[in-house]
Amino acid sequence: MNRKMNIKVITVYISIIILLISVTIFSINSGDIDMSVTDIISTLIGNGTAQQNLTIFELRLPRIIISILIGIGIATSGATLQGLTGNDLADPGILGISSGAGFFVLIYIAIFSTMGISTVLLPLLAFLGGLTAATVIYFLTFKRGEKISPTRLLLTGVAVNTGMNAATLFVTLSLNRQQFEFTQLWTAGSIWGDEWRYIIALLPIVVILFAFIYYKSNVLNILNIGQETAIGLGLDINKEFIKLSVAAVALASGSVAVGGSILFVGLIAPHLARKLVGPNHKIFLPASALLGGLLLLTADTVGRIALSSTEIPAGIVVSIIGTPYFLYLLKTSK
Amino acid sequence: MENQKSLATKDLSISYGEKVIVDNLNIQIPKGKITTIIGPNGCGKSTTLKSISRILKPKTGSIYISGKEIYELSTKEIAKQMAILPQTPQAPGRITVRELVSYGRFPHKKGFGSLKNEDKNIINWALKATNMDEYKNVSIGELSGGQRQRVWIAMALAQQTELILLDEPTTYLDLSHQLEILTLLQELNIKEKRTIVMVLHDLNLASRFSDYIISMRNGKVITSGSPKEVMTKKTLKNVFNIDAQISIDHRNNKPICVMYDLIS
């Protein structure tokens, strides 16, 4: 890598981080209860009133952290799936992996209601659901020795997605009013798990799996130059494919379990990152993760303040930006 | 005797579904030489190469590399001994030349695979050997077909293998670039003692650059040997069904096919 490229990469990273910090500060600051910047700072260093403490530490901060974590998780999952399938349109949301995870989560909630949610069981169930969806997609899409066609992958994803959503709808029919409302919010991609205990559940999942995938950057790089060349370079394709896809599914499932159905983040963030810093996974994976966090936090903040009467779920805000972007990608991809 | 063979197949049969492409093939590739496989379309030459590259699993039979069965070795172990250049390799256009060449170090790396000084020296050497040094920071997408092919060869060189397999390395290249690539391979063979195995369509180029030619038809070897032994009227009739007029190029004393007619 030459110096010009280095400077560009550093500039991109600094810009993303500055943006992320700015949005975080803006997000802490926005809401029904007005707080000045000095109020926020004094609360953060421990001199706030009881109400200020509650607002920042119990309401806004957890919500911000969980949004960023979910964004990182989904973006990294998308980036990995794109690397594995060689397809820029692979996104855990579009492929139905998220709906699979969501379906299992909703069955659980239908049985136990939102009150008795176990933060251990929840991501596990979501993972099981995501894995189920991914397995179905795998068997419907992959043919030995053939390159996966983007159309085939997408169509299968859409079908699995629809199937999972139909199953979800079927389950919701048997729910009580409160559970039904929760389901509606979940499907719209509302970040509901905004409590510290969900952060504690999600944080290790995101950190460990991101580290694992990042460690495998070279594998993803090699896969990028085609299967035949990858085999020639001594890559055990089947083994690495399974490891990395399970990691990607787990990452998406965990994120979706507390974040609801969020489409497009796993599509936009990696694509944008690749445009900004190039296709080398060692450089682009962290950028994609940060962009995912930034994107979702921004969407959630906008959704919180756009209408004074009610909140717009982050998933819907993302979709408003994501749909045209997806159509653009669809048009330009081969 | 076996030690002189860097690569060999024994009773190798390969099929796509029911269709048998390669039938009980026994070939032996001499060490330190340039070997070219020729034959008409669909004769199984690329399939054989793919099978040796372990992209296609053979139906029956064995492939030996330096005397060992390839399915007994780990894929990484093989990659340290044999580099492969597929027919039309694809790379994302935004990868730089140096990045792509650095992937050649993959089989020698573990885990995250950070490049050590030794790796960097090998990469720089591979770039110089292929005359791509001045392009090292250029994106693949900005290169011409001939330059791109040289980058892939540089990647194979960075793999530091004794054996290099190339499936039609001159496809899509114009006359001068074809020659340039083959001259480069010849240089590598002489200077670096690499064993080179390739598939070529052009008989005269095959004759000019090879020490050993294997001609195939319908998944079987018809003749193999030196260019003079293979480039004969009789063999070309059996392999390509053509009536060839063979002459000798006095500059290098190799046979050339001056003109040919179809045999009806």
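Worth saying up front: this structure is predicted, and the values here are computed from it rather than measured. Residue numbers start from 1 in every chain, and the chains themselves are labelled A, B, ... in the order their sequence lines are given, proteins ahead of strands.
- Within 6.0 Å of OH on A:Y138 lie no more than 12 heavy atoms contributed by other residues, nucleotides or ligands.
- In this structure, chain A has a heavy atom under 4.5 Å from the side chain of B:L100, while its backbone stays farther away.
- Of residues 78-86 of chain B, those residues with a non-hydrogen atom less than 4.5 Å from any non-hydrogen atom of chain A are, in numerical order, B:A79, B:M82, B:I84, B:P86.
- With a 4.5 Å cut-off on non-hydrogen atoms, A:I237 does not touch chain B at all.
- Atom NZ of A:K282 has more than 12 neighbouring heavy atoms from other residues, nucleotides or ligands inside a 6.0 Å radius.
- Ranked by non-hydrogen atom pairs under 4.5 Å with chain A, the options B:I95, B:T161, B:T75 are led by B:T75.
- With sequence neighbours left out, A:V23 forms a side chain to side chain contact (heavy atoms under 4.5 Å, CB included) with A:L294, A:L297, A:T298, A:T301.
- Ring-plane geometry between B:F112 and A:Y214 is classed as tilted, the angle between the planes lying from 30 to 60 degrees on a 0 to 90 degree scale.
- Between atom CD of residue B:E99 and atom CG of residue A:N224 there is a gap of 10.5 Å, rounded to the nearest 0.5 Å.
- Between chain A and the options B:R54, B:K50, B:K76, the largest number of non-hydrogen pairs under 4.5 Å is found for B:R54.
- Counting heavy atoms from C-beta outward, B:M155 and A:I225 have side chains that approach closer than 4.5 Å.
- Other residues, nucleotides and ligands contribute only 12 or fewer heavy atoms inside 6.0 Å of the NZ atom of B:K59.
- Taking A:S217, A:P279, A:G226 one by one and counting their heavy-atom pairs under 4.5 Å with chain B, the maximum is reached by A:P279.
- With sequence neighbours left out, the side chain to side chain contact (heavy atoms under 4.5 Å, CB included) criterion links A:N221 to A:N218, A:N280, A:H281, B:Y103.
- Within the 3.5 Å criterion, the main-chain N or O of A:K275 finds a donor-acceptor partner in the side chain of B:R94.
- The side-chain hydrogen bond (donor to acceptor under 3.5 Å, both in side chains) analysis of residues 120-135 of chain B, with sequence neighbours excluded, yields the pairs B:Y135-B:Q147.
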